[in-house]
Amino acid sequence: MDNRIIARILAEIGEYLEMAGENFKPRAYEKAAGSVANLDEEAGSIYRRGGIKALEEIPGVGESIAEKIEELIKTGKLKYYEKLKKAAPVNLTELSRIEGLGPKKIKKLYEELGVKSVSDLERAAKSGRIRTVPGFGEKSEEDILKGIEFLKKSKGRFILGFIMPEVRKIEEELKKLSLASRLEVAGSVRRMKETIGDIDILASVKGGKDFDRRAKKMMSAFTSMDEVEHIYAEGPTRASVRLNFGLDADLRVIPESSYGAALLYFTGSKDHNIALRNIAIKKGWKLNEYGLFKGQKIIAGKTEEDIYSALGLQFIPPEMRENTGEIELAAEEEIPKLVGYDDLRGDLQIQTDWTDGSSGIADYAEEAMGKGLEYIAITDHTKHLAMTGGLDEKRLANQGKEIDKINSRIRKAGKRFRVLKGTEVDILKDGSLDLKDEALVKLDIVGAAIHSYFNLSEDEQTRRLIRAMENKNVHIIFHPTGRIINRREPIKLNIDEVVRMAKKTGTVLEVDAYPDRLDLKDEFLRKCVEAGVKISINSDSHEVSQLKYLYLGIGQARRGWAKKSDVINAWPLDKTLSFLKR
DNA sequence: GCCGTTTTCGGCCCGACTGTTTTCAGTCG
């Protein structure tokens, strides 16, 4: 039984206990679920290694939860969980996705009306029975129907790179009003999470006696924007709305003196904030969105730096704030200097109109120069991918001649820029490659990638990838897990083994920066960084405008704690090339 | 149910907003 399933069951137990009116147990289960989900090792393997005592080493897991995990590992079932489910057989996960509905209300609806699912809920609301339940009224009934409608329309979380233009547009519109002294999108957007659930906007206005008036003006400007489709809540300092492109947005207005505290708070993550608050508590202080306080006296609040520093911590970049060890590093002054958003010098994965891309090589060179890059690699698909018009050895050689011409034109124009010859060679089912070694050895950059047989077992898939890495001509594995966010699951891989073999063979692993790939993802990148495996951040462009997606790959690499020295295309070209010639 | 510079008991992050209530429980982030 894998960690995700164990974590989900623990989290559900927490919700059932909350329904039952328990006070602190739900949080204990929720916390344990979070740690299990974040484990590097399968709980089953921890248990086999050290038994129940080893399970108790997991943060938030004590005697009782360890026994429950043991039962799940041994029997695949958990009596305690089955009992809770039987006592209240409702689809909690589904129902609590409706805005405004939590465990307590769900319990009431189940007890009074027998509501078990969203479809039960819809019937109850439409027939006017919700309003008869104590604590509910006509408004609640309406809100529930609206919530159901929204749930039917929305497809869960939005992919950051695709929604970013809309986010920036809202941000720009609000800034244009010139009502706020500072305004910023915080939350998961600022942490560069690959998907986001909503937009958290933070604005500050001058404090003092006119604060209320200024804040109110800001709030009403926000809720009356053209994009606002529905207002969930609107108070003097906080409003929550649904935007017409299907995303929810929150605005908080705070006085300037609290901007740093509020930015810290609204950037999250929630777990990071809780950990910071606990540090404050241990010092006898209190941390909230208005500042860090000792009694009534404010110690810090104007900037995030001030607050971290007062807590005895180094500044932590937003992308690292997930409470997965960064606070401990900050206490030791060991936060790494992460690769920066301006650090990339080249892009090593680009598809052109020779295969399934729609822009030509020269256009890419032009666009990349305009973006300040110093090199790009052309890496079209190979013959096995017939639907893309993949290149065979002969067409690849012809493409090389065109690249030579383009490079000489660039040189004659006196520009320092180079187009590298490359390929995205297909990894076949058995791990062999789609092009002959004689063709590969002539190229500057050989990326290899899996595009077929996504359903092999973990063992087969891992051996397949390792065989590709063992080819001396392969420099980089492109999008190693093959996932497409919200569409395709990653292939099954023993990632630790892959990282180990990448280190041994000197193979680079990629962060494909395309918005719905971001592959490798953050947690796997951390493993690379720890093991000393180099990474490259590439756009996987199929059209010149897609070079802009590199920033998403950088964000993901920062979430994986990568430094400039870990990223081969953040280096000068001669260093990169000599590194690749192992 | 977990945990410990509050250490084996007594705490557990904190504040805004809503709807349905006449003072607050529930939800959210």
Side-chain angles (χ1 to χ4, degrees), chain A residues 10 13-35 55-69 80 95-109 130-144 147 186-189 191 196-202 215 219 223 231-241 248-254 258 261-262 264-293 312 323 331:
Chain A
L10 293 176
I13 291 175
E15 289 184 315
Y16 282 120
L17 291 171
E18 186 129 3
M19 270 179 94
E22 289 279 355
N23 274 323
F24 295 104
K25 284 190 199 180
R27 227 168 297 163
Y29 277 93
E30 189 191 341
K31 197 171 174 220
S35 330
L55 291 175
E56 285 184 40
E57 296 294 308
I58 302 168
V61 175
E63 201 183 323
S64 169
I65 294 183
E67 279 171 14
K68 293 189 172 66
I69 297 176
Y80 180 64
L95 284 166
S96 55
R97 279 182 63 202
I98 290 168
E99 177 81 23
L101 227 49
K104 299 279 168 59
K105 287 187 181 174
I106 293 172
K107 185 183 184 212
K108 262 193 184 164
L109 291 171
I130 303 274
R131 69 183 75 176
T132 65
V133 179
F136 290 80
E138 273 184 51
K139 187 75 170 58
S140 327
E141 199 168 84
E142 253 173 61
D143 287 347
I144 283 171
S188 44
V189 172
R191 299 204 313 283
I196 61 168
D198 59 10
I199 319 178
D200 298 293
I201 306 165
L202 182 65
M219 292 308 320
T223 53
I231 300 172
Y232 294 111
E234 182 178 8
T237 64
R238 204 201 108 200
S240 182
V241 304
D248 290 346
D250 281 358
L251 174 70
R252 277 298 287 262
V253 183
I254 40 94
S258 298
L264 186 64
Y265 177 71
F266 289 105
T267 297
S269 67
K270 192 177 173 211
D271 289 341
H272 181 87
N273 286 343
I274 290 174
L276 292 184
R277 284 177 184 201
N278 283 328
I279 294 175
I281 290 168
K282 274 176 199 149
K283 292 180 187 283
W285 302 339
K286 185 178 78 168
L287 177 62
N288 59 27
E289 60 262 55
Y290 299 106
L292 180 62
F293 296 90
N323 194 29

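If you're wondering where the values come from, they're calculated on a predicted model, not measured in any experiment. Computation of the quantities below employed the complete heavy-atom set of this structure, encompassing side-chain atoms and omitting hydrogens, waters and symmetry-equivalent molecules.
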Student: Starting at atom CD1 of Ile65(A), determine the distance to atom P of dC3(B), rounded to an integer number of angstrom.
Tutor: 8 Å
Student: Expressed as a whole number of Å, how far does the P atom of dT6(B) sit from that of dC14(B)?
Tutor: 15 Å
Student: Asn23(A) near the nucleic acid: base, sugar-phosphate alone, or nothing, with a heavy-atom cut-off under 4.0 Å?
Tutor: nothing
Student: Counting any heavy atom closer than 4.0 Å, what does Ile98(A) reach on the DNA or RNA strands: base, sugar-phosphate only, or nothing?
Tutor: sugar-phosphate
Student: Provide the distance between the two C1' atoms, one in dT8(B) and one in dC2(B), to the nearest whole Å.
Tutor: 12 Å
Student: Could you grab the distance from atom CG of Asn288(A) to atom CZ of Phe293(A), nearest 0.5 Å is fine?
Tutor: 5.0 Å
Student: Watson-Crick or G-U wobble partner for dT8(B), using a 3.5 Å limit on both distances?
Tutor: none
Student: So what does Glu22(A) hit on the nucleic acid, given a heavy-atom distance under 4.0 Å: a base, only sugar-phosphate, or nothing?
Tutor: nothing
Student: Could you tell me how far dT21(B) sits from dG26(B) if I compare only their C1' atoms? Round to whole Å.
Tutor: 13 Å
Student: Both Glu141(A) and Ile58(A) contact DNA chain B. Which one's nearest nucleotide lies toward the 5' end?
Tutor: Ile58(A)
Student: When the C1' atoms of dC13(B) and dT27(B) are compared, how many Å lie between them, rounded to an integer?
Tutor: 16 Å
Student: Report, as a single string ordered 5' to 3', how protein heavy atoms within less than 4.0 Å touch nucleotides 12-18 of chain B: B base, S sugar-phosphate only, - not at all.
Tutor: BBBSBSS
Student: Could you tell me whether Lys104(A) contacts a base, only the sugar-phosphate backbone, or nothing, with contacts defined as non-hydrogen atoms closer than 4.0 Å?
Tutor: sugar-phosphate
Student: From NZ of Lys108(A) over to C1' of dA25(B), roughly how many Å is that when rounded to an integer?
Tutor: 8 Å
Student: Report which part of the nucleic acid Pro134(A) touches: base, sugar-phosphate, or nothing (heavy-atom distance under 4.0 Å, all strands).
Tutor: nothing
Student: Measure from the side chain of Lys105(A), starting at C-beta and using heavy atoms only, and say which of dG29(B), dT27(B), dG1(B) lies closest.
Tutor: dT27(B)
Student: Would you give the length of the straight line joining atom OH of Tyr80(A) to atom CG of Leu17(A), rounded to the nearest 0.5 angstrom?
Tutor: 4.0 Å
Student: Will you find, in the side chains of Lys68(A) and Ser64(A), an N or O donor that is under 3.5 Å from an N or O acceptor?
Tutor: yes
Student: Rounding to an integer number of Å, can you tell me how far Glu57(A) CD sits from dG4(B) P?
Tutor: 11 Å
Student: In this structure, how many angstroms lie between the C1' atom of dT21(B) and the CZ atom of Phe136(A), rounded?
Tutor: 14 Å
Student: Quick one: salt bridge (charged side-chain N to carboxylate O under 4.0 Å, His left out) pairs with a partner in residues 267-288 of chain A, sequence neighbours left out?
Tutor: none
Student: Working to the nearest 0.5 angstrom, can you tell me the gap between Arg131(A) CZ and Lys139(A) NZ?
Tutor: 13.0 Å
Student: Can you tell me how far apart CD1 (Ile144(A)) and CG (Leu109(A)) are? Round to the nearest 0.5 Å.
Tutor: 5.5 Å
Student: Could you state the CE-C1' distance from Met19(A) to dT27(B), rounded to the nearest angstrom?
Tutor: 15 Å
Student: Mind checking Glu56(A) for me? I need base, sugar-phosphate or nothing, with any heavy atom below 4.0 Å counting as a touch.
Tutor: nothing
Student: Please lay out, stage by stage, how Ile106(A) and Leu101(A) fare under the test side chain to side chain contact (heavy atoms under 4.5 Å, CB included).
Tutor: CA-CA 7 Å; Ile106(A) 293 172; Leu101(A) 227 49; 4.1 Å; yes
Student: Please report, rounded to the nearest Å, how far the C1' atom of dC3(B) is from the NZ atom of Lys31(A).
Tutor: 8 Å
Student: Expressed as a whole number of Å, how far does the C1' atom of dT18(B) sit from that of dT23(B)?
Tutor: 14 Å
Student: Select base, sugar-phosphate, or nothing to describe what Leu101(A) touches, counting heavy atoms under 4.0 Å on all strands.
Tutor: sugar-phosphate
Student: Rounded off to whole Å, could you give me the NZ-to-C1' distance for the Lys107(A) and dA25(B) pair?
Tutor: 14 Å
Student: Using the P atoms only, state how far dC28(B) lies from dT20(B), rounded to an integer number of Å.
Tutor: 15 Å
Student: Taking only the side-chain heavy atoms of Ser140(A) (C-beta and beyond), determine which of dG26(B), dG1(B), dG19(B) contains the nearest atom.
Tutor: dG19(B)
Student: Measure the distance from CD on Glu15(A) to C1' on dT27(B) and round it to the nearest whole Å.
Tutor: 13 Å
Student: Sequence neighbours excluded, which residues qualify as ring pair (Phe, Tyr, Trp, His ring centres under 6.0 Å) partners of Phe266(A)?
Tutor: none
Student: Please determine whether side chain to side chain contact (heavy atoms under 4.5 Å, CB included) holds for the pair Leu264(A) and Leu276(A), giving the CA-CA distance in whole Å, both sets of side-chain angles, and the decisive distance to 0.1 Å.
Tutor: CA-CA 10 Å; Leu264(A) 186 64; Leu276(A) 292 184; 3.8 Å; yes
